[in-house]
Amino acid sequence: MIRKNTLRLLLAASLAAIGSAHAQSAGTLQKIKDSGTIVLGVRPAVVPFSYYDDQQKPIGYSQDVGLAIVDAVKQKLNLPNLAVRTIAITPQNRIPLLQNGTIDIECSTTTNNAERQKQAAFSNTIFIIGTRLLTKKETGIKDFADLKGRTVVTNAGSTSEQILHRLNVEQHLGIVITTQKDVAESFLALSTGRADAFMLDDAMLAGERAKASNSDDYVIVGTPQSKEAYGCMFRKDDPDFKKLVDDAVARLQTSGQADALYRKWFESPIAPSRVNLHLPESDDLKSLFKAPNDKPLS
């Protein structure tokens, strides 16, 4: 009896694996059509790109881009009532959850680079940033050379973490590098004095500074150590889905809607606490919106 039960379990597991493999090989659009649901990976606390409002609803600039892609999927599949489900992700689990089919796409703050392209596919670029430092004015830190012997925090699994380790080796700075799971935890380390500076993408740093009750105490400094392109990420080897996603992003950008989204999230008061990042649109973004592309910058 035990052997028969074991065989049944093995058979069920095999059938499930075959079904999953079939769904993957059939492509994301077919998977969505079969399930009647599209699953978006969202970040819970990355202001103003992807975060939860006071009703625990995901909102933000990247979330709005993702919803424009959802609208394109609905139209393509002729499914106006397509269900949309969101799952909270982290920098550490976003690629595994994508690869195993738990999520279909994630639009947040994921950098499109050569290393990640080995594991996933990317849309046309949705945002361009520079990696800089957030610090308290009282530290006297003006640029990366001033970090010698200091403690710097960043998000685990971020490109900033890789850059900090490289700077340490190349410039013999003796930086104590610490990591946290997300932006909120990294800022907490900075605000409580456990770190002298917080390195990350400048737009995300602006979001954390704006949220702080003592925002005037903080300053964003330093020569950008990299220029990075954010893209929506989805499974590799799916040209039909990539075309749909790229076309949706391009329409958003060339129509002027992306400029409107930028003003909404970076130059206006945003939910839930009505903070304003006061971050002007960069020349890089203006050029991108005129000529959408999926080229990585790092």
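- Among V65, T109, V183, the one residue that satisfies the side-chain contact (heavy atoms from CB on, under 4.5 Å) test with F49 is T109.
- Hydrophobic clustering (side-chain heavy atoms under 4.5 Å, transitive across Ile, Leu, Val, Met, Phe, Trp, Tyr) groups L277 together with I128.
- Between the side chains of R94 and T110, a donor-acceptor pair is found at a separation under 3.5 Å.
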task = In sequence, state the C-alpha distance, the side-chain angles, and the governing distance for T139 and D196, and then conclude on side chain to side chain donor-acceptor pair (under 3.5 Å).
result = CA-CA 7 Å; T139 66; D196 300 301; over 6 Å; no
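- Proximity of V39 to T86: side-chain heavy atoms (C-beta onward) are nowhere separated by under 4.5 Å.
- Applying the 6.0 Å contact sphere to NZ of K74 captures more than 12 heavy atoms from other residues, nucleotides or ligands.
- Centroid-to-centroid, the aromatic rings of Y262 and F289 stay 6.0 Å apart or farther.
- Under 4.0 Å is where a charged nitrogen must lie from a carboxylate oxygen, and between K264 and D64 at least one such pair does.
- Taking hydrophobic clusters as Ile, Leu, Val, Met, Phe, Trp and Tyr residues chained together by side-chain heavy-atom distances below 4.5 Å, F187 shares a cluster with L200.
- With respect to D104 and R235, a salt bridge is recorded, a charged nitrogen being found less than 4.0 Å from a carboxylate O.
- Follow the hydrophobic side-chain contacts under 4.5 Å out from Y51 and you never reach M233; the two are in separate clusters.
- Side chain of N113 to backbone of R116: a donor-acceptor contact under 3.5 angstrom is found.
- Electrostatic pairing of K242 and D246 counts as a salt bridge here, judged by a charged N lying under 4.0 Å from a carboxylate O.
- Applying the 6.0 Å contact sphere to CZ of R85 captures no more than 12 heavy atoms from other residues, nucleotides or ligands.
- A side-chain donor-acceptor contact under 3.5 Å links D238 and T28.
- Put simply, CD1 on I129 and CG on D201 are 3.5 Å apart, with the number rounded to the nearest 0.5 Å.
- With rounding to the nearest 0.5 angstrom, the OH atom of Y218 is 4.0 Å from the NZ atom of K136.
- Remark: D217 does not engage K137 in a salt bridge, criterion side-chain N to carboxylate O under 4.0 Å.
- The environment of CD in Q92 is crowded: more than 12 heavy-atom neighbours from other residues, nucleotides or ligands sit within 6.0 Å.
- In this structure, K211 places its NZ atom where more than 12 heavy-atom neighbours from other residues, nucleotides or ligands lie under 6.0 Å away.
- Within a 6.0 Å radius of NZ in K227, other residues, nucleotides and ligands contribute 12 heavy atoms or fewer.
- Linking Ile, Leu, Val, Met, Phe, Trp and Tyr residues whenever their side-chain heavy atoms come within less than 4.5 Å places V245 and L252 in a single cluster.
- Defined by atom type and a distance below 3.5 Å, a donor-acceptor pair is present between the side-chain atoms of Q30 and D34.
- Distance check, rounded to the nearest 0.5 Å: OG1 of T159 to CG of L164 gives 10.0 Å.
- No side-chain heavy atom of D71 sits under 4.5 Å from any side-chain heavy atom of Q75.
- Here the CZ-CD distance, from R132 to Q225, works out to 10.5 Å after rounding to the nearest 0.5 Å.
- The residues R263 and E267 are annotated as not salt-bridged, no charged nitrogen and carboxylate oxygen being separated by less than 4.0 angstrom.
- Using modelled atom types, one finds no donor on one side chain facing an acceptor on the other under 3.5 Å when comparing T131 with E228.
- In this structure, Y61 has its ring center no closer than 6.0 Å to that of Y230.
- Distance check: I59 CD1 to I270 CD1 gives 7.0 Å after rounding to the nearest 0.5 Å.
- A donor-acceptor contact under 3.5 angstrom links the side chains of T102 and N100, judged on distance only.
- I95 and I105 are not part of a single hydrophobic cluster, where members link through side-chain heavy atoms under 4.5 Å apart.
- Counting only N and O atoms by type, the side chains of N112 and Q117 include a donor and acceptor under 3.5 Å apart.
- Under a cut-off of 6.0 angstrom, the local environment of CG in N214 is crowded, with over 12 non-hydrogen atoms contributed by other residues, nucleotides or ligands.
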